[in-house]
Number of protein chains: 2
Amino acid sequence: MTTTEEKILTAAIELMAEKDYQAVTTKEIAKAANVSEMTLFRHFGSKMNLLEAAVERFSIIVPLWQTVEKQISWNLEADLLLIAQLYQSLIRQNKKAFTVLYKESKHFPHLKEKVMYKNPVSLKNHLVEYFREMQARGQMIDVNPEVPAVGFLYMNLNAVLGINDLLSQLDESEFILQAVRIFARGLKA
Amino acid sequence: MTTTEEKILTAAIELMAEKDYQAVTTKEIAKAANVSEMTLFRHFGSKMNLLEAAVERFSIIVPLWQTVEKQISWNLEADLLLIAQLYQSLIRQNKKAFTVLYKESKHFPHLKEKVMYKNPVSLKNHLVEYFREMQARGQMIDVNPEVPAVGFLYMNLNAVLGINDLLSQLDESEFILQAVRIFARGLKA
DNA sequence: CCTGGATGTTAGTGAGCACTAACTAACAAA
DNA sequence: TTTGTTAGTTAGTGCTCACTAACATCCAGG
């Protein structure tokens, strides 16, 4: 029991993730949503509006750190693994919106700000704080905590969005596990 | 003293990196290249041809590992730093072509293969070999060498191409230096 | 049964785009 | 001078696309 609007939004984000803004046509979206083109315009007014709504609809912003804080153990490897898993599942949920935004950020400046910027940046800040605390506890080597924070986020981001062909035989969850291990080992005091 | 063709190719890749395939118009490219639109078609026949030529023109494939082999020291941190620096400068050179290919890989399948795939994959394979050798020498912990290889490449890739805003205050070369240090520390036996 | 709101259908408009044709201008080699 | 090459200009063709107008249909609630 999906509403008409939902059907259209879903079709739109799907096609946008595949092609680019200009390449996707309203006719195409309507067809994919099993809806007449008119309906689409009646609901969203313009192609631009529709695509903006679609990206917004599928951009999930989660207060990820709240979950982290509840389960934090102040053990580097365990905590990093937790964060990596939560973050990657978040990215996976947002994958299509991310892909679209990455390609078409010019078209949706304020959405880019909201989804691609705020989300990872606030996570980065929390990570930096966490690393600082770990350093204070003498559990982590002395580095500018921004470096591991950014490096860690990059690795996770690419593990989901990146040129997956590179990973090839590697199982994704296995990759996280081992990568986190190496990371934690490199940071441990 | 750049030839007409060079001027066109440069303008083309520049605009393609900003917008997407459909959004860039031949008129626009011609104007940016200070050339009449006709000239563009006379040289390249079609928009598709032109953009393909542009991406190819600015896709530099370097036998990076030859340089690495000459300077290899079998010291994890030093070697990784060398590789990171070489790889990042390669990415930086290819940045525009990479950006275009990432967005428009559908349009240039064989170029994607050539630039985005072969290059990093061959590098990955060399890295895996290198790690294996280091393990054999007892200088590295026992992990599936694919994991650090892929993770390392991901980090470098994003350090150049990624959401740069994240790095913000961080100096790029400083970031490499420290990140490599952490990585090497995590792998050292 | 009637009415209103959501959807479908059809036909079309106007704009922008890739690409072409036909002709001209500049210039350099023979 | 002649000729070939390279580029510019202008005008235009045909297509696709976002978007609209006008009308038809379906169906639920009163």
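Every chain is numbered from 1, with letters handed out A, B, ... down the list of sequences.
- Between A/T4 and the phosphate of C/dA6, there is no side-chain N or O to OP1/OP2 separation shorter than 4.0 Å.
- In the set C/dA22, C/dC19, C/dT10, C/dA22 carries the atom at the smallest distance from any side-chain atom of B/M38.
- Residue B/R42 places a side-chain atom within donor-acceptor reach of the base of D/dG8, judged by atom type and a 3.5 Å distance cut-off alone.
- For A/T25, no side-chain nitrogen or oxygen approaches OP1 or OP2 of D/dT16 to under 4.0 Å.
- Remark: aromatic rings of A/W74 and A/Y130 are close, center separation under 6.0 Å.
- Rounded to whole angstrom, the span from the CG atom of A/L40 across to the P atom of C/dT7 amounts to 12 Å.
- The NZ atom of A/K31 sits 18 Å away from the C1' atom of D/dA18 (whole-angstrom rounding).
- Distances shown here put a side-chain N or O of B/H43 below 4.0 Å from the OP1 or OP2 atom of D/dA7.
- Out of C/dA18, D/dA21, D/dC19, the shortest distance to the side chain of B/F41 is found at C/dA18.
- Rounded to whole angstrom, the span from the CD atom of A/E28 across to the P atom of D/dC17 amounts to 8 Å.
- Put simply, CD on B/E52 is 17 Å from C1' on C/dA18, counting in whole angstrom units.
- Nearest to the side chain of A/V35, among C/dA18, D/dG8, C/dG8, sits C/dG8.
- In this structure, B/K27 places its NZ atom 12 Å from C1' of D/dT10, rounding to the nearest Å.
- Of the N and O atoms on the side chains of B/N94 and B/S59, not one donor lies less than 3.5 Å from an acceptor on the other residue.
- Atom CD of B/E37 and atom P of C/dC17 are 10 Å apart (whole Å).
- Between the CD atom of B/Q22 and the C1' atom of D/dC15 there is a distance of 14 Å, rounded to whole Å.
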Practice item. Starting from the C-alpha separation in whole Å, work towards a yes-or-no answer on side chain to side chain contact (heavy atoms under 4.5 Å, CB included) for A/L76 and A/Q139. Key: CA-CA 8 Å; A/L76 244 184; A/Q139 301 227 40; 5.9 Å; no
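- The side-chain contact (heavy atoms from CB on, under 4.5 Å) with B/E77 is formed by just one residue from the set B/L187, B/I182, B/V180; it is B/V180.
- Applying the 4.0 Å criterion to OP1 and OP2 of D/dA7, one finds that B/S36 has every side-chain N and O outside that range.
- Cation-pi geometry between A/K47 and A/Y21 is met: under 6.0 angstrom from the ring centre, within 45 degrees of the axis.
- Summarising the geometry, the separation between CD1 on A/I8 and C1' on C/dG8 is reported as 13 Å, rounded to the nearest angstrom.
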